[in-house]
Amino acid sequence: MDFNTLIDDRPADGLFRVHRAIFDDAEVFEAELARVFGGGWVFLGLADQAAGPHDFFTTRIGRVPVLVSRDGDGSLAAFVNSCPHKGSMLAQTACGNARLHVCPYHSWTFDSAGRNKAVKWKNAGGYSPAFAQTGHDLASLPRFGEYRGFLFGSLSADVPTLEDHLGEARKLLDLVAGQSEQGMELVPGMVTFTFDANWKLQLENCSDAYHFTSAHPSYLRVLERRREDPTTVTARSAWDSNRNWAEDAQGVQGGSFSMAHGHVLNWGVMGVSDAMPLFESADALATRVGTGARDWMFNMRNLTIFPNLQIAENASSQLRVIQPISAGRTEMRTWCIAPKGESAEARRQRIRQYEDFFNPSGMATPDDTVSYENCQRGYASRVDPWLQGYNRGATESRAGGNAFGDTIGLVPERSVAGGSQLGDETLFHGYYREWQRRMAGAAA
Amino acid sequence: MTAPHVAELTERDAERLLFREARLLDNGDWDAWLALYTEDSTFWMPAWRNEAETTGDPDRELSLIYYAGRRGIEERVWRARSGLSVASTPRPRVVHAVTNVLLEGEAGGEWAVSACFTVHLYDPRSGGVHVNFGRYDYRLRHGNGNGDGGNGGWLIAAKTITLLNDRIPTVVDFYSV
């Protein structure tokens, strides 16, 4: 299959179409695992998930199990979580602390820096001199890097530097990492859910301003009911005090930035509001990072670092890792990400707002994921294989940045700004241009 | 002065209340279900901190659902009925099986009761079948004439749902645990 033919990208005609096969074709999916996930930088986790000496956490790149470990000297490294002896997965848990990782199958042993410390019964094993000369350490990921506590790895060595890969998106990660001088942490309690739909539906939905009032009216009405009844015991919502999504909102209410390598931000204007847990730090942040960056920290921001990291700061603050399982099935690992050192009251508020909106047991996310599954059913059709969800905002998209991004010195490839009813879809182009590039085998 | 009388909960009382709650959820009789809860009741489904432990402090750790006050589950019922949530329409058919009901003691006029649950779920939209399973921990309080009278006067002051299989297929809601 020529994957290039699945994206109909005609900027001169103002048309962008995506073929349904990219969401449900098994050959496309296998190529994505090899080239998108196996051929470029992929988010692994936060440095804080392995904060102390010998701490570790595990994850996957596509189907490949990965172990991220901090050694006794404090250095982080990432390995394939597979014993070089027979291939058994080594670390068994999502996180932990281990000076030594002992393979449960034949007891080969590795230290927290991945070095082989023991091959059981080595001297009596009758090994050839040639075998003794081969290395027995854990296989390191060909590339591993950190940017302000965000850890990335690549199964391919043929990639640009992490700095180049992230590019301008680093300034958007700064808005997350900079909310506390001590950095960010994941609130204890990981929530994992699956949906029977393609992983790119999650990629798109995070960036989709158009769906909000259609998919989430039950959540929005619950907020209205809370406002009418001040005796409510439930949390105030940032959506409630900032109505950039409301169809009667006037003026520029938000927009999008598309950056090189498929990284995308959609954003909405939100004031510095006491409905947000960060409010207690508003003055200190203005002093430390300047009012421009501070105000951006309060804006609604949904950031995707292609292909698998999303940080959604809207109703609360969520870090999501997208794990594709098959063309029609995806696993999401999700956490509440929060500034270290915030007050107990701010933390409580953040957690309540998070549970309301983001959980698969909450009042908004299920209406997204069930919609993904409805889309996946619809993709079975090839009667008209071309999807039309990539064209809102075509006349509003500008090369380069705009006055909003200028306040943090952001120089994106394209930017869009508009009213609450714009619902830009051109930001998805960034995803699919990068997808096309990686699927063509480009170093990413 | 004599100590205030503490109503005595029997295992049979507890079973009746828990089985009735299960039946009301299965039937979608949510007004009657809400009436089993005290106005200040806590409804809590913790998340898991790691492979072995659930989160323990809802103000510092994440929960799947946490409401201090019946108002929270009233909102959920409103949402599920609103017709405004595609995740809630059409609703899965569910059957709750509640077993191993044990009295765990009394403190401050409230009785601790534990139980096990399985909720079999059939989603007519997908034809999919799933089982949620885990443990319930309740605190039951005698209503002394207030609230629902159909349970020997016993009401739910707190319910903790420990969902053991927490890799959640798409959605879990109050009616499916």
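We name chains A, B, ... by the order of the sequence lines, and we start the count at 1 in each one.
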Participant: Taking side chain as C-beta onward, heavy atoms only, is A:Arg226 less than 4.5 Å from B:Arg71?
Facilitator: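 Yes, side chains in contact.
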Participant: Between B:Thr170 and A:Glu373, is there a side-chain donor-acceptor contact under 3.5 Å, judged purely by atom types and distance?
Facilitator: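 Judged by distance alone, the side chains do pair up.
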Participant: Do B:Arg125 and A:Val370 come within less than 4.5 Å of each other through their side chains, counting heavy atoms only?
Facilitator: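 In contact.
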Participant: Please determine if B:Arg79 and A:Asp367 form a salt bridge, counting it only when a charged side-chain N lies under 4.0 Å from a carboxylate O.
Facilitator: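 Result for this pair is yes, salt bridge flagged.
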Participant: With only heavy atoms counted, which part of A:Arg333 is less than 4.5 Å from chain B, the side chain, the backbone, both or neither?
Facilitator: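 For A:Arg333, neither part sits under 4.5 Å from chain B.
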Participant: Going from CG on B:Asp166 to OG1 on A:Thr192, what distance comes out if it is rounded to the nearest 0.5 angstrom?
Facilitator: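 So the gap between those two atoms works out to 6.5 Å.
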Participant: Where do A:Cys336 and B:Leu62 come nearest, in terms of heavy atoms and distance?
Facilitator: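 Smallest interatomic distance, heavy atoms only, reads CB-CD1, 4.3 Å.
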Participant: Of the backbone (N, CA, C, O) and the side chain (C-beta and beyond), which part of A:Asn374 lies under 4.5 Å from a heavy atom of chain B, both, or neither?
Facilitator: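 Side chain of A:Asn374 only, per the 4.5 Å heavy-atom cut-off to chain B.
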Participant: For A:Arg350, is it the side chain, the backbone, both, or neither that has a heavy atom closer than 4.5 Å to a heavy atom of chain B?
Facilitator: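 For A:Arg350, neither part sits under 4.5 Å from chain B.
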Participant: A:Met363 vs B:Glu75, test: side chain to side chain contact (heavy atoms under 4.5 Å, CB included). Steps then yes/no.
Facilitator: CA-CA 10 Å; A:Met363 291 191 282; B:Glu75 287 180 346; 4.1 Å; yes
Participant: Between CG of A:Leu220 and CG of B:Leu84, what distance do you get to the nearest 0.5 Å?
Facilitator: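 The distance works out to 9.5 Å.
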Participant: Checking B:Ser126 against chain A: side chain, backbone, both or neither under 4.5 Å from a heavy atom?
Facilitator: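 Both parts, backbone and side chain.
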Participant: OG of A:Ser361 to CG of B:Asp173: how many Å apart, nearest 0.5 Å?
Facilitator: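 So the gap between those two atoms works out to 8.0 Å.
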Participant: Identify which part of B:Ser82 has an atom lying under 4.5 Å from any heavy atom of chain A, answering side chain, backbone, both or neither.
Facilitator: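 Contact with chain A involves the side chain of B:Ser82 alone.
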Participant: With side chains defined as the heavy atoms from C-beta onward, is the minimum distance between B:Tyr67 and A:Asp356 less than 4.5 Å?
Facilitator: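 Yes, side chains in contact.
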Participant: With side chains defined as the heavy atoms from C-beta onward, is the minimum distance between B:Leu64 and A:Glu355 less than 4.5 Å?
Facilitator: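 The answer is no, as the side chains (C-beta and beyond) never meet within the 4.5 Å cut-off.
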Participant: Looking at A:Gly96, A:Pro360, A:Ala344, which one has more heavy-atom pairs under 4.5 Å with chain B than the rest?
Facilitator: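 Max contact count across the listed options: A:Pro360.
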Participant: Under 4.5 Å, counting heavy-atom pairs only, tell me which of B:Val171, B:Val177, B:Thr55, B:Val172 racks up the most with chain A.
Facilitator: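 Option with the greatest count: B:Val172.
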Participant: Using a 4.5 angstrom heavy-atom cutoff, name the option from A:Glu345, A:Met190, A:Arg329, A:His216 with the most pairs to chain B.
Facilitator: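 Among the listed options, the one with the most contacts to chain B is A:Met190.
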Participant: Against chain A, label B:Ser85 side chain, backbone, both or neither, depending on which of its atoms sit under 4.5 Å from a heavy atom there.
Facilitator: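 Looking at B:Ser85, backbone and side chain both touch chain A.
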Participant: If you look at every heavy atom in A:Ala94 and B:Glu51, which pair is closest and at what distance?
Facilitator: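 Scanning both residues, the minimum pair turns out to be N-OE2, 2.7 Å.
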Participant: What's the shortest heavy-atom distance between A:Ser371 and B:Val86, and which atoms?
Facilitator: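 Where A:Ser371 meets B:Val86 most closely, the heavy atoms are OG-CG1, 3.7 Å.
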Participant: So for B:Trp48, is it side chain, backbone, both, or neither that comes closer than 4.5 Å to the heavy atoms of chain A?
Facilitator: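 Just the backbone, heavy atoms under 4.5 Å.
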Participant: Based on non-hydrogen pairs under 4.5 Å, which of A:Tyr354, A:Tyr219, A:Phe195 is most in contact with chain B?
Facilitator: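 Heavy-atom pair counts peak at A:Tyr354.
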Participant: Chain B: which of A:Ala197, A:Ala338, A:Gly189 shares the most heavy-atom pairs with it under 4.5 Å?
Facilitator: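 Among the listed options, the one with the most contacts to chain B is A:Gly189.
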Participant: Of the backbone (N, CA, C, O) and the side chain (C-beta and beyond), which part of A:Val191 lies under 4.5 Å from a heavy atom of chain B, both, or neither?
Facilitator: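 The side chain, not the backbone.
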Participant: Ion pair present between B:Arg167 and A:Glu331, side-chain N to carboxylate O less than 4.0 angstrom?
Facilitator: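 Salt bridge present between B:Arg167 and A:Glu331.
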Participant: Do B:Arg60 and A:Val187 have side chains that get closer than 4.5 Å, going by heavy atoms?
Facilitator: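 No, their side chains stay 4.5 Å or more apart.
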Participant: With a 4.5 angstrom heavy-atom cut-off, which part of B:Pro58 approaches chain A: side chain, backbone, both or neither?
Facilitator: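 Interface part for B:Pro58: both.
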Participant: Check each atom of B:Ala47 against the heavy atoms of chain A and say whether the ones under 4.5 Å are side chain, backbone, both or neither.
Facilitator: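 Side chain only.
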Participant: Do the non-hydrogen side-chain atoms of B:Asp59 and A:Ile351 ever get within less than 4.5 Å of each other?
Facilitator: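 No - every pair of side-chain heavy atoms lies 4.5 Å or more apart.
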Participant: So which residue, B:Arg76, B:Met45, B:Arg49, ends up with the most heavy-atom pairs under 4.5 Å with chain A?
Facilitator: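 Top count of heavy-atom pairs under 4.5 Å with chain A: B:Arg76.
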Participant: Can you confirm whether more than 12 heavy atoms, excluding those of B:Arg135, are under 6.0 Å from its CZ atom?
Facilitator: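 It does not: B:Arg135 CZ has 12 such atoms or fewer within range.
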